[in-house]
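All remarks here apply to the structure that follows.
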Protein chains: 2
Amino acid sequence: MAIDYQPPTSDYAFLYREAFGTDIVARATGGELTAEDAADVIAGAGEFAASVLAPLQSIGDREGARLVDGQVHLPDGFAEAYRAFADAGWVSAEAPASAGGDGLPGSIRAGLGEIWNASNAAFALCWLLTAGQIHALDAAASDELRETFLTKLVSGEWTGTMNLTEPAAGTDLGAIRTTATPRGDGSWSVKGQKIFITWGDHDVADNIVHLVLARTPDAPDGARGLSLFVVPKFLVNADGSLGDRNGVETVAIEHKLGIHGSPTCVLSYEDATGYLVGEVGGGLAGMFVMMNSARTGMGFQATGIADRALQQAEAYAAGRMQGRVLERDADAPIAEHPDVRRLLLSMRSDVFAMRALSVHVGDLFDQAEASGDAATLALAEFFVPILKGWATEDAVTLTSDAIQVHGGMGFIEETGAAQHYRDARIMPIYEGTTAIQSNDLIGRKVIRDRGATAERLFAQVDETIAALRAAAGDQPQGAAAQPATRAADRLERAVASARRATADIVGFAGSPRDAHAVSVPYLMLLGVLAGGWMHGLAVVAVAAHTAPDDADGARLTAADFYGAHHLPRVHALAETVASGETL
Amino acid sequence: MAIDYQPPTSDYAFLYREAFGTDIVARATGGELTAEDAADVIAGAGEFAASVLAPLQSIGDREGARLVDGQVHLPDGFAEAYRAFADAGWVSAEAPASAGGDGLPGSIRAGLGEIWNASNAAFALCWLLTAGQIHALDAAASDELRETFLTKLVSGEWTGTMNLTEPAAGTDLGAIRTTATPRGDGSWSVKGQKIFITWGDHDVADNIVHLVLARTPDAPDGARGLSLFVVPKFLVNADGSLGDRNGVETVAIEHKLGIHGSPTCVLSYEDATGYLVGEVGGGLAGMFVMMNSARTGMGFQATGIADRALQQAEAYAAGRMQGRVLERDADAPIAEHPDVRRLLLSMRSDVFAMRALSVHVGDLFDQAEASGDAATLALAEFFVPILKGWATEDAVTLTSDAIQVHGGMGFIEETGAAQHYRDARIMPIYEGTTAIQSNDLIGRKVIRDRGATAERLFAQVDETIAALRAAAGDQPQGAAAQPATRAADRLERAVASARRATADIVGFAGSPRDAHAVSVPYLMLLGVLAGGWMHGLAVVAVAAHTAPDDADGARLTAADFYGAHHLPRVHALAETVASGETL
């Protein structure tokens, strides 16, 4: 039985208010919103998620989506939930102001993303794809397309999908064969088959807007020949009402390991009416807007699924009485056994690291937009593959640990722990596998600038190390002094390993096979380091408290634990990176 | 679609013949059998497994076991397969000669265990529990029980189960409440409920022999009050024919994440007729015989499931054409992409490490039995929790990597990769969780002798390092010279970290919470080190080849890869061990 969902409101209040040394919400909004307002938004989302979305999570898993006579049906409750979700304004909360949305800063959207995914990851995918399409159309669509489609997406009346993959074109988008032929009336005839289309069909909204990568006549080979098209499930009349069914059919839905409540469709386009978004040949650039949004969103999903798995394990460990704890005579909950405590702290400290980095990446994009500073934007983009790759890989491990806490009960489906383990496994694959993220990282973001952006991150870690040492020196008797010193020592060694590994990667510029053979270990190294940095920032913030906060002790323990159990992976990974390709 | 199963005959031939510096089969059998005979046994088992067991693997997953009117049914084909398995002599192949079995050495039984589990893990559990009970009854049962039950188990006519867990007694066996009351006629009345009983009921054999831990009247509290009973599903008449149904009922079977073809039962005992095995109060000791056998068997299962997952990933990666490999123009199979190659090599090198350690542990028990040497037995027993804990944990990660190789197809159930990931997850839990293994390791096997047995392992690693250096010096131009030097360098640093970590654990003798908070990281450290040692031995063996063998290059690459990607974890884990409990 899946446990109730507890939104992580206190962590978000801490992150918005002080973990980054300032009220980042006020900074991002020019004071229009404050950390306190942001905490209110998070609390409201948490309440909605806990009461409306979380109860549908295991139903979605058990019943799953079904395809009947060409129409996909979701389990009872999903359609009502999506309606309530849109009516409560949670779709427009994600949309930029230019698209008619609330234009919330990225740091708040990170929190919302986590909460939707934690409460119901399968449901959240519908929101995630719709939100991604909102960003893509906002960036490139004509006024007419904005009027017809974007407004309906932002209002939550319709939902969006992302159509890239084909049977012979997965990671290699250049192999896409779907065609789009101009009809002469401004519309295009789209023809081809797309697979792995998340929420590609359903019955929770009146219309579905497919964003489709296709090849135009006489287009060059490869990715440069791709253009982007909007293809609605139902055609839209001039007055905005729904017309005939368009030429797109759901041929099949997949029988998957997890996220059963999210229909994964095979869509067949047969003379379907489409509308060009942006320029001919600009498909990949247009889709990248959506993909970047989706990739950052994967960081939020990883945090969310990981936190839900953690919450489930914590509840079980607190309630399960079994055996004597070493120094005691009486029975105790298993949470007090040292190894169960280890597993819980491992998860807890990793979830905080993911959550904090998600907020930081959201905030960096806000800072970049506000300042127009290219270096800040480069740093924000540097973090996208790291967050996506590292958080999703760690989340898979974490859901496995969450099963372990349950012992034999973890393997029984009714317990609910197994669902997270099954749901999580897709995260390192979709929206670009971890290998794709790591290619992006080393190719575009490390080798190209010879490690300059990476070095800007390391310099910031250096600053945090200095702040930790200063905090320990200022209050040598304070509760944070020893954890601060340990964190500084550990981060110092970790950033040294990271610098060496970065030099190794830059040194592999002339032997790309070496670079690509260790690009995933390098990505993981930077993710683990960034997590340690987030904990370092938290220790600095705790040390600055003049009056102790209830959560201070737990934050220091989590930071210490992360430093002892997660951060040392940096050194092992650096040794792996140095080896290049093994022949 | 699950791929055909390829038994790893060439690895076993290498391990039996030369990897450990001698023909270990001839040594264990006093020359009665040789490595060549052993390779024949493995080939025969592989043929049987590939043709009879492997085709049932995905059927077992899809259809699963069903409980209908109190009787468990397996999918079509399972009963015939078990009959064929027993008729071919594969049950008696596991049994000791004293029980009427073939008395094969442990090194061969390791190979058989891997093969049954690789081809069909759910099916293999029936064999594994039966084999464990054979060892337990052979060690402690009266002549009458041997005559009535043991002979039928060895012939494969009946199967066996292991009944420990109850709703409130999982890891803590001392909490067991099932009772056994003497009836005065030599039999006992058994009453209670047992859960998580693997193959607790089925329709693949005529009778089922339950081995049940229960509490006798006036027995002391805790584990010392437990005795062991044989409780058959059907009573046995004096002439050996089957009599009435005994008072044991299958109340439910579990709906599990994986191993759907293995029925996991809730059994209710109501005035069931049981027979005491061994002495009153000797239950735990008797069950430990079975558990040790089952724990070593988990190492074989981990190797088997891991190898099957690897084979599936290799087949997919060899056949899937996608994208250009860096330096080429033409499409290539994804196996040639550097990161896919990394994943495959990671799995391949880990499977070899598990397989070799499984064989080594089997062989150590043989050596201990032959020599009666207490130190050899201590080393064999030292490895049991390491093999069980490390191999099962690594196998879970490995099945996750195998999914990653498939990209999006890995998440689709029909591909077959997901089944391994689901099946594998139980391994670090049953037969004692990884925490239980690590408690056994640090409590009974490291702290008690102040690291003496661990040091004997490290001294053997030192010897291998010396042999690697000698090999590199002897043939400085040989293909193995550079890999030998790298392996020696890496093992030297790894064993130094392992010695430090062992000293840390011994130093925690007075602060058990510190020891237990890092006991799993310590166990994993020793497992990873042992894996590196196995690869070191392989490099020494390859370097000794006067004529090159086809597999030499692959063995050197695997060893190098393991040294660069797996072995560095030792250093990270040593840092974790040093930290003790984080408060």
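Just so it is clear, the model here is predicted, and its values are computed rather than measured. Chain naming here is simple, since letters A, B, ... match the order of the sequence lines and numbering starts at 1 in each. No hydrogens, no waters, no symmetry mates; every other heavy atom, side chains included, goes into these values.
- Between the CZ atom in R422(B) and the CD atom in E413(A) there is a gap of 8.5 Å [rounded to 0.5 Å].
- Residues Q404(A) and R425(B) form a side-chain contact, since some pair of their non-hydrogen atoms from C-beta on lies under 4.5 Å apart.
- Using a 4.5 Å heavy-atom cutoff, the side chains of T433(B) and D339(A) are not in contact.
- In this structure, the portion of R490(B) lying under 4.5 Å from any heavy atom of chain A is its side chain and not its backbone.
- Heavy atoms closer than 4.5 Å to chain B are found nowhere in T165(A), neither backbone nor side chain.
- Heavy atoms closer than 4.5 Å to chain B are found in both the backbone and the side chain of T582(A).
- Among residues two or more places apart in sequence or in another chain, the ring-ring contact (aromatic ring centres under 6.0 Å, His included) test is passed with H260(A) by none.
- R342(B) is listed as a side-chain neighbour of P521(A), based on a closest heavy-atom distance under 4.5 Å.
- Among residues two or more places apart in sequence or in another chain, the ring-ring contact (aromatic ring centres under 6.0 Å, His included) test is passed with Y562(B) by H535(B), H566(B).
- Side-chain contact check for R513(A) versus R341(B): some heavy-atom pair is nearer than 4.5 Å.
- With rounding to the nearest 0.5 angstrom, the CD atom of E575(A) is 13.0 Å from the CZ atom of R569(B).
- With a threshold of 4.5 angstrom between heavy atoms, E581(A) approaches chain B through side-chain atoms but not through N, CA, C or O.
- A175(A) does not touch chain B: none of its heavy atoms, backbone or side chain, sits under 4.5 Å away.
- For A417(A), no part lies under 4.5 angstrom from a heavy atom of chain B.
- Note on L573(A), D560(A), V396(A): by heavy-atom pairs under 4.5 Å with chain B, the leading option is D560(A).
- Side-chain contact between T264(B) and F411(A): absent, with no pair of heavy atoms (C-beta onward) separated by less than 4.5 Å.
- For chain B, the nearby part of F196(A) is the side chain; its heavy atoms alone come within less than 4.5 Å.
- Here L257(B) contributes atom CG and I412(A) contributes atom CD1; the two are 9.5 Å apart, rounded to the nearest 0.5 Å.
- Interface residue H565(A): backbone and side-chain heavy atoms are both found under 4.5 Å from chain B.
- Proximity to chain B (any heavy atom under 4.5 Å) is shown, for A515(A), by neither the backbone nor the side chain.
- In this structure, Y421(A) has its ring center closer than 6.0 angstrom to the ring center of Y421(B).
- The backbone N or O of A564(A) sits nowhere less than 3.5 Å from a side-chain atom of S579(B) that would complete a donor-acceptor pair.
- Proximity to chain A involves both the backbone and the side chain of T434(B), based on heavy atoms less than 4.5 angstrom apart.
- Proximity to chain B (any heavy atom under 4.5 Å) is restricted, for L345(A), to the side chain, taken from C-beta onward.
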